[in-house]
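Here's the structure, in structure tokens; my notes come after.
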Amino acid sequence: MATIVLQTLKNYDLDIDNCHRQSYDNASNMSGAYSGLQARIKEVNSLAVFVPCSAHSLNLVGSCAAESCEAAISFFSNLQALYNFFSISTHRWGVLVSKLKPNSTVLKSLSQTRWSAQGDACKSLCISWTEIMEALKIIANDMSEKPSTRFEASGLLNCFGSLEMCFLTLMWNDVLERFNKVIKSLQSVDIGLGTVVELYHSLVMYLEGIREDGIFDLYESRTIELSGEQNYTYDLKRKPKRRVQFDEVKRNDTELSSRNRFRVTTYKVIIDRLITELQRRGTAYEKLSNKFNFLTKLNILNTQEVCEGAFNLKDFYPGDLDENIKNECLHLQAHLLSTEATKEKKMSSLELYKFILENGFIDIYPNIGISLRMLLSTPVSNCSAERSFSALKRIKIYLRSNTEEKRLTSLAVLYIESEVMQGVDYNEVIRSFAEQKARRSVAYNELMEMLKSKGFASVKEVKSKIQNIRRMVRKERAKVEASRRSGKGTDDLYT
């Protein structure tokens with residue numbers, strides 16, 4: 001892949017040394033630290049810093065948390081099993097729909113690629129919890145159903161009727177709702193690196209807040225109200241007795257209550273895994289953002305901190321920035337402090353660049369302009385590019401199963417550049433196409449005139465003559481191909 005990328009850049013006369021960023025998803029063949037595409041590109045240009053797709057990274061955070069403990073794995077497996085149970089039969093689906101409230105959402109399936117599907121599935125279950133339980137009860141008590149169907153419905157009813165399952169439904173619904181909102185925001189084409197860092201940090205703070213015992217108590221009260229269950233499943237099971245070894249003294253071991261067991265081994269494990277993964281994956285964005293952070297804090301930093309930030313940035317990009325960046329930063333700091341509009345205002349990197357550009361200060365602060373352009377052009381999400389590949393299923397359907405690569409590529413480009421296509425004057429395209437078709441009419445009329453001069457007066461006779469010519473051409477072409485395949489060649493074919 002690295003060879004193809006480098007060759008493509010060379011074909012378009014793009015110098016790889018001018019590449020300062022590269023962004024892909026988190027697949028190992030792309031993001032691998034040793035043999036991934038980003039590592040191979042960095043071997044050619046060490047300044048091509050890899051920035052993983054922020055939206056895809058957030059998807060992986062949720063995926064890791066869903067596999068953090070047995071209860072989380074069981075929850076999503078049972079959620080998919082619930083959807084499969086109703087969707088596999090039109091009769092069962094009809095029972096479910098008849099119980100749902102008007103305008104309420106039906107059950108949704110999970111997805112391996114779109115983590116937002118998990119959020120939609122949890123939301124539909126959370127909103128229609130009572131109605132779904134009633135539908136399961138009807139099917140479980142319906143003697144006209146097969147025994148296997150009634151047994152499956154009874155098993156799902158017992159599973160989702162537990163206090164733990166209802167608790168996880170409410171918790172995952174809240175968490176995934178926040179994640180989905182952030183993921184949609186991260187898919188914006190104009191989102192900046194600083195915004196990504198802020199959103200990741202806000203999610204960490206949000207999760208740390210719901211980790212508190214007070215929020216756990218709130219979820220528990222909501223669960224009891226919704227499910228009607230008062231006891232945890234562990235309270236209803238027989239307590240295992242541990243065998244005392246020969247060198248131990250028999251005494252009463254400390255054992256967690258069912259409530260504390262669920263809070264420690266499930267609730268906090270899931271939240272802690274979410275926080276850990278967010279912090280780990282957010283490090284890649286914070287590390288790069290910290291190199292430019294001082295530029296947006298010039299009006300609140302002291303002179304020494306500004307100089308240190310300028311020198312560190314210059315050392316990292318020695319070929320793009322020169323020694324004057326320190327003086328430019330100090331000058332811009334004084335400039336901002338001397339202006340009432342910017343003296344105490346916190347400016348983002350985009351606002352700072354607009355301030356420099358719109359006021360004609362780009363020649364005064366050239367190195368700062370270069371730095372801000374490198375920061376603002378950092379690709380923190382590649383969802384818009386990857387989404388174009390997802391649209392291939394709309395292009396290469398069964399009716400176009402034999403579409404050639406050239407035509408398929410052209411159709412894909414038309415979709416990718418849909419904004420450009422919306423501004424195209426279709427009347428001009430239609431006129432050009434019609435002119436090309438008109439050439440055939442002109443040629444046909446000329447042929448008619450020529451054949452009429454030789455005694456062919458009717459249209460039927462002209463069409464017959466054209467068919468004879470086509471038949472002769474196909475016959476001669478077949479003779480040439482047969483001679484070529486036999487190895488005799490075509491030199492003595494007509495001798």
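Every value quoted in this text rests on a predicted model; they were computed, and no experiment measured them. For this chain, numbers begin at 1 and follow the sequence in order. Computed from heavy atoms alone, side chains included, the values below leave out hydrogens, waters and symmetry copies.
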Looking at C159, is its backbone amide N or carbonyl O close enough to the side chain of N78 to form a donor-acceptor pair, meaning the two atoms are under 3.5 Å apart?
no

Side-chain touch L168/I270, heavy atoms, less than 4.5 angstrom:
yes

Is it the case that more than 12 heavy atoms not belonging to K314 sit under 6.0 Å from its NZ atom?
yes

Heavy atoms only: give me the nearest L313-S371 pair and the separation to one decimal.
CD2-OG, 3.5 Å

Take V5 and R40 through the side-chain contact (heavy atoms from CB on, under 4.5 Å) test and state the conclusion after the steps.
CA-CA 10 Å; V5 170; R40 300 296 175 88; over 6 Å; no

Going by atom types only, do H91 and E145 share a side-chain donor-acceptor pair under 3.5 Å?
yes

Can you name the closest pair of heavy atoms from Y232 and S258 and give their distance?
CB-CB, 3.8 Å

Is R281 close enough and on-axis enough to Y200, meaning under 6.0 Å and within 45°, for cation-pi?
no

Keeping Q38 on the side-chain end and G32 on the backbone end, is there a donor-acceptor pair under 3.5 Å?
yes

Hey, are the side chains of I356 and I368 touching, using non-hydrogen atoms and a 4.5 Å cut-off?
yes

When you look at I370 and Y317, which way does the side-chain contact (heavy atoms from CB on, under 4.5 Å) test go after all the steps?
CA-CA 11 Å; I370 294 173; Y317 297 106; over 6 Å; no

Closest heavy-atom contact between Q118 and S111?
NE2-O, 3.0 Å

Is there a donor-acceptor pair under 3.5 Å between the side chain of E229 and the backbone N or O of S162?
no

Would you call F50 and I41 a side-chain contact if the rule is heavy atoms closer than 4.5 Å?
no

Examine distances only and state if a side-chain atom of S377 and a backbone atom of M374 form a donor-acceptor pair shorter than 3.5 Å.
yes

Can a donor-acceptor pair be found, under 3.5 Å and without considering hydrogens, that links the side chain of S154 to the backbone of F151?
no

Under the criterion side-chain contact (heavy atoms from CB on, under 4.5 Å), I'd like the reasoning laid out for R273 against E67: C-alpha separation, chi angles, the key distance, then a yes or no.
CA-CA 9 Å; R273 187 61 179 271; E67 300 174 356; over 6 Å; no

Within a 6.0 Å radius of atom NE2 on H201, are there more than 12 heavy atoms belonging to other residues, nucleotides or ligands?
no

Please list, chain by chain and in numerical order, all residues satisfying side chain to side chain donor-acceptor pair (under 3.5 Å) with N141, sequence neighbours excluded.
none

Is R373 paired with D320 through a side-chain N to carboxylate O contact shorter than 4.0 Å?
no

Is there a donor-acceptor pair under 3.5 Å between the side chain of T8 and the backbone N or O of I4?
yes

Does a side-chain N-to-carboxylate-O contact under 4.0 Å join E134 and K137?
no

Are side-chain heavy atoms of V95 and D142 found at a separation under 4.5 Å?
no

Return yes if some donor-acceptor pair links the side-chain N/O of S289 with the main-chain N/O of L193 below 3.5 Å, else return no.
no

Atom pair CD (E220) and CD (Q230), whose distance is rounded to the nearest 0.5 Å:
9.5 Å

Any donor-acceptor pair under 3.5 Å from Q80 side chain to L110 backbone:
yes

Please work out whether the ring planes of W172 and F75 are parallel, tilted or perpendicular, with thresholds of 30° and 60°.
parallel

Are N173 and E177 linked by a side-chain donor-acceptor pair shorter than 3.5 Å?
no

Indicate yes or no for a side-chain donor-acceptor contact from S57 to the backbone of C53 under 3.5 Å, with no hydrogens or angles considered.
yes

For the atom pair CZ (F86) and CG (L96), what is the distance rounded to the nearest 0.5 Å?
5.0 Å

Can you find a heavy atom in the side chain of L157 that is under 4.5 Å from one in the side chain of M133?
yes

Can you list the steps and then say if Y206 with F179 is a ring-ring contact (aromatic ring centres under 6.0 Å, His included)?
CA-CA 11 Å; Y206 164 73; F179 270 57; 8.2 Å; no

Distance from I271 atom CD1 to F216 atom CZ, nearest 0.5 Å?
11.0 Å

Under 3.5 Å: donor-acceptor pair, side chain of S23, backbone of P379:
yes

CG (L170) and SG (C166) are apart, to the nearest 0.5 Å, by 5.0 Å

If we count only N and O atoms by modelled type, under 3.5 Å, do the side chains of N59 and S63 hold a donor and an acceptor together?
no

Work out which heavy atom in L199 is nearest to a heavy atom in S185; give both atom names and the distance.
CD1-OG, 4.0 Å

Would you compute the distance between atom CD of E152 and atom CG of L136 and round it to the nearest 0.5 angstrom?
10.0 Å

Only counting residues at least two apart or in another chain, list the ones meeting side chain to side chain donor-acceptor pair (under 3.5 Å) with D272.
R211

So, D213 and K268, do they make that salt bridge, N to O below 4.0 Å?
yes

Evaluate Y267 against I215 for side-chain contact (heavy atoms from CB on, under 4.5 Å), listing each step before the verdict.
CA-CA 11 Å; Y267 179 73; I215 303 299; 4.0 Å; yes

Within 6.0 Å of CD in Q7, more than 12 heavy atoms from elsewhere:
yes

Testing the basics here: between L163 and S227, what is the closest heavy-atom pair and its distance to 0.1 Å?
CD1-OG, 4.0 Å

F316 atom CZ, neighbour heavy-atom count above 12 within 6.0 Å:
yes

With a 4.5 Å heavy-atom cut-off, do F160 and L125 have their side chains touching?
yes

Closest non-hydrogen atoms of F85 and T149, given as atom of the first, atom of the second and distance, are CE1-O, 3.8 Å

Salt-bridge contact K297-E305 (side-chain N to carboxylate O under 4.0 Å)
no

Within the 4.5 Å heavy-atom criterion, are Y365 and C329 side-chain neighbours or not?
no

Taking the side chain as every heavy atom from C-beta outward, state whether L278 and L58 have any pair of such atoms under 4.5 Å apart.
yes

With rounding to the nearest 0.5 angstrom, report the NZ to CZ distance, K326 to F311.
5.0 Å

So which of I300, N299, L332 actually passes side chain to side chain contact (heavy atoms under 4.5 Å, CB included) with L337?
N299

